[in-house]
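Shown next, in structure tokens, is the structure this report addresses.
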Amino acid sequence: MSSPTEHPSSSQKSAQDKPAQNALEAAGIDPAAMGQPFHSDFDNGRWFPTWRPYKGDLDRDPVGINEYLPPSKSVLLGVQHTFAMFGATVLAPLLMGFDPNLAILMSGICTVMFFMITGGRMPSYLGSSFAFIGPVIAVTAYAGAGFNDNLSVALGGIMACGIVYALIGLLVMKTGTGWIERLMPPIVTGAIVMIIGLNLAPVTIQGVSANQFDAWMATLTVLLISGVAVFTRGMLRRLLLLVGLILSYVAYFVMTNVLGFGTAIDFSGVAAASWFGLPTIHTPSFEMSAIILIAPVAFILVAENLGHFKAVEGMTKARVTPYMGRAFFADGLATTFSAGFGGTGVTTYAENIGVMAVTKVYSTTIFVVAGLVAILLGLSPKFGAIIQTIPAALLGGASIVVFGLIAIAGAKIWIDNHIDFSKNSNLIIAAITVIMGTGNFSLHLGGFDLGGIGTATLAAIVLNALFNKGSDKTADTSAAAK
């Protein structure tokens, strides 16, 4: 008879896991196709995994998705995740003329929603998505500073996008992810991600070129953010946007409020704002032209999150792919919910995946804590008023870095997946997509404008489908000849 500290034998473990495997099969999930070793606590056939307290050494052992830490450690790690997403989640609404305080509040609520809908199986934080910036600016003709007067039209389009995304999630829950990976292989996803950054470049540069003072302050912001990214380490590097903006904000304050150059920062709104209160809620309106332009962003979110979830699976060694449909569905519902109250569309954040890679803490309970911290910050109008004082020149400088990094992330997808550009099919798909998106080439369907990103995304998917079909036939003919 074995002692309580001994691990069960292989036959005992198999017998213990058999009920869970049967439950998975009954739920339509094939354990053999999951690609990772079977784990009865995680793959238990129920909506939530079986939660276990963490009993390892934090300096040495990773914390599993279904493990939880003591409250004190959970709070500290949750706050860290809140700061990791903060810079980008605040920057995206500012670039679109949304309320950043409301965006922070919605990101926290949506992260908790995501945890519940995915059954706590996907360690992710939902923050403001940059994929919406181009279409929103195109739909609303936003000038790049202040409140967006046409916000309601954009909100209707984002809600429609969220519904499309949620429907894709339901389809994936029924059919699996194979068709998505065939529809959008790395050559397509890399091109789509790249054009999100390149399409916005002209708007960004024009926004910081109004006068030479703003241009120099934008340049200083670029240099400070870049310096944090290159010369710092650890968590400080993860917060490059936040730290870089703080440093440039201090420099701008000294140059304007102290030395008298440029337009001084006005703090009257901060003094007048209360410490606690609800942000202003905005009502969406639905116009077909905006829906046609913004709804296709759902396919960009699918491509983006597909990569994120694959990265999570690789890090955690847990089978999250079978639950990817839940994650798409949850993100779609969260985006619809957020836009319904005036918030931005949301997506899983690479910044927080990076934090997990560094800390080796994958527990989804940590993200619930992070969401609750964000909700508290979003309920402080004074906090929102401080954000609103950030000068447009500094946001423009940060945008140069962010959009450049997005463009390079597209190229990285190609490199990581060893895309062979000696093949004419890959060359044509990439070349046409990038130039269409960068040049903002737009087609009209009836009276509706697809926009540069929408047209380029459609072109990439159609060209890939045509060329892949031809390649498959050629391959089949060659195989038959052999």
Side-chain angles (χ1 to χ4, degrees), residues 58-59 76-92 94-95 100 125 127-128 130 133 193-194 196-198 200-201 204-205 207-209 212-259 261-262 265 307-308 311 315 348-361 370 373 386-387 389-416:
L58 275 176
D59 293 328
L76 289 175
L77 289 163
V79 169
Q80 179 175 247
H81 273 291
T82 304
F83 278 108
M85 67 82 197
F86 179 82
T89 294
V90 167
L91 182 59
L94 289 174
L95 297 178
Y125 190 95
S128 303
F130 283 82
I133 296 176
V193 171
M194 182 177 288
I196 294 172
L198 295 178
L200 295 167
T204 303
I205 299 303
V208 298
S209 302
Q212 279 300 299
F213 180 78
D214 281 356
W216 278 107
M217 291 309 302
T219 303
L220 177 63
T221 304
V222 169
L223 292 174
L224 289 172
I225 293 175
S226 302
V228 174
V230 174
F231 297 115
T232 63
R233 294 291 182 270
M235 195 60 201
L236 196 61
R237 175 178 285 183
R238 294 291 174 191
L239 300 175
L240 74 163
L241 285 173
L242 179 61
V243 174
L245 274 175
I246 290 173
L247 292 174
S248 60
Y249 188 94
V250 171
Y252 190 98
F253 175 82
V254 172
M255 293 293 292
T256 58
N257 293 61
V258 177
L259 299 179
F261 298 101
I265 299 173
H308 288 175
M315 282 191 302
T348 58
Y349 256 33
E351 289 89 338
N352 297 90
I353 293 174
V355 171
M356 284 194 291
V358 171
T359 62
K360 303 294 189 295
V361 178
V373 172
I386 293 172
I387 296 173
T389 64
I390 301 174
L394 307 191
L395 292 175
S399 300
I400 292 172
V401 176
V402 169
F403 299 152
L405 289 174
I406 292 172
I408 296 304
K412 188 175 184 298
I413 290 174
W414 291 338
I415 294 169
D416 290 346

Open item on the list: Let me confirm one number: the CG-CG distance from L94 to L394, rounded to the nearest 0.5 Å.
Closed with: 11.0 Å
TODO: Can you measure from CH2 (W216) to OG1 (T221) and round to the nearest 0.5 angstrom?
DONE: 13.0 Å
- [ ] Please check if the side chain of S128 supplies one atom and the backbone of T89 the other of a donor-acceptor pair under 3.5 Å.
- [x] yes
TODO: Decide yes or no for L247 and I225: does some side-chain heavy atom of the first lie under 4.5 Å from some side-chain heavy atom of the second?
DONE: no
Task: CG-CG distance between L245 and L224, expressed to the nearest 0.5 angstrom - done: 9.5 Å
- [ ] Would you please indicate if the ring centroids of Y252 and F213 are separated by under 6.0 Å?
- [x] yes
Task: Any Y249 side-chain heavy atom under 4.5 Å of P391 side chain - done: yes
Task: Heavy-atom pair with the smallest gap, counting every atom of A393 and M217 - done: CB-CB, 4.2 Å
